[in-house]
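In what follows, a single structure is set out as structure tokens and then discussed.
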Amino acid sequence: MIELIDVVKEYEVGKERFRALKNISLKIKAGEFTSIMGPSGSGKSTLMNILGLLDRATIGSYYLDGRDVSKLSDKERAFIRNREIGFVFQAFNLIPRMTVLDNVMLPMVYARIPGKMRREKALEALAKVGLLHRIKHYPNEISGGEKQRVAIARAIVNTPKVILADEPTGNLDSKSSEEIMKIFQKLNDEGVTIVVVTHEPDIAQHTKRIIRFRDGQIISDEPVVNRIVL
Ligand code: ADP
Ligand code: ADP
């Protein structure tokens with residue numbers, strides 16, 4: 001599903017170049033459920049931005065579902081991003097002036113899905129996260145855990161191959177965090193490939209594989225033992 005080969009990412013800082021990722025090679029197969037851990041500044045967000053086609057590697061290749069996406073144009077990458085990748089963020093990133101239903105329909109507007117289908121697919125996604133009773137609410141009228149469930153519905157509405165979640169439980173209490181991990185486990189059981197950045201060992205323990213970063217390098221990559229299954 002995902003293959004990075006010798007990926008380097010450098011940022012220009014004034015006249016200097018800073019190497020945030022140093023020769024990362026990594027394979028994530030379809031159906032995997034992986035967490036990325038590591039201290040602040042170790043390159044996790046940089047990695048997620050590259051995986052999500054939000055940014056490009058300075059050197060190296062990225063194969064997504066067999067295609068070398070590092071060679072594609074920005075337009076081609078936006079097309080793939082809008083249809084094949086679902087994003088979940090720590091701060092939810094819902095649009096405050098739109099209802100829950102409209103927030104979930106938005107990615108289908110970007111992917112140019114016909115208007116008629118949007119409502120039906122959004123309701124399907126909201127049913128999966130147990131939020132059909134909230135469709136007319138606005139983000140400020142629901143809890144943090146519910147906001148993140150809306151964000152997950154938005155992430156899955158285009159039936160992406162991969163979900164990229166950056167600290168999805170970072171703003172949630174432990175009960176809501178568990179609910180979120182339970183939804184991810186269900187989606188993964190249905191075959192969705194999931195990559196989660198987290199600082200919390202408990203959260204990582206719900207996934208199947210832990211990759212640890214430090215100073216832009218992978219320092220360990222291991223299957224989860226004694227995984228928590230909800
Ligand atoms: P993490 O997500 O693990 O906290 P990041 O990927 O955000 O790490 O950052 C890795 C390193 O790259 C850090 O030293 C950070 O300061 C640097 N960095 C990140 N983004 C930029 C940028 N746009 N310009 C310059 N340096 C950056
Ligand atoms: P194009 O006109 O090149 O086909 P789109 O109309 O698909 O591009 O997208 C326009 C812009 O909106 C792009 O920069 C894209 O990355 C951004 N975008 C697409 N989908 C989303 C989304 N779900 N949330 C936020 N921004 C998005």
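In each ligand, atom 1 is the first atom listed, and ligand 1 is the first ligand listed. Predicted model only: the values in this text are computed from it and were never measured. Throughout, numbering of the chain's residues begins at 1 and tracks the sequence.
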Transitive ILVMFWY cluster of M37, excluding itself - 4.5 Å side-chain cut-off: I210, V224
Non-hydrogen protein atom less than 4.0 angstrom from atom 13 (C) of ligand 1: yes
Shortest protein contact, atom 9 (O) of ligand 1 (heavy atom only): T46 OG1, 3.9 Å
Selected option - heavy-atom contact closest to atom 7 (O) of ligand 1, from S45, G38, P39: S45
Protein heavy atom under 4.0 Å of atom 16 (O) of ligand 1: no
More than 12 heavy atoms of other groups within 6.0 Å of K208 NZ: yes
Heavy-atom nearest neighbour in the protein, as seen from atom 25 (C) of ligand 1, with distance rounded to 0.1 Å: Y11 CB, 3.4 Å
Proximity of V13 to ligand 1 by residue part, where a heavy atom lies under 4.0 Å: side chain
Proximal atoms of ligand 1 relative to S42 (non-hydrogen, under 4.0 Å): 1 (P), 3 (O), 8 (O)
Closest approach of any protein heavy atom to atom 4 (O) of ligand 1, naming residue and atom: G41 N, 2.7 Å
Identity and distance of the protein heavy atom lying nearest atom 8 (O) of ligand 1: G43 N, 3.1 Å
Exercise: identify the closest heavy-atom pair between I80 and L64: CG2-CD2, 3.8 Å
Test side-chain contact (heavy atoms from CB on, under 4.5 Å) applied to I36 and V197, V196, T198, the passing residue: V197
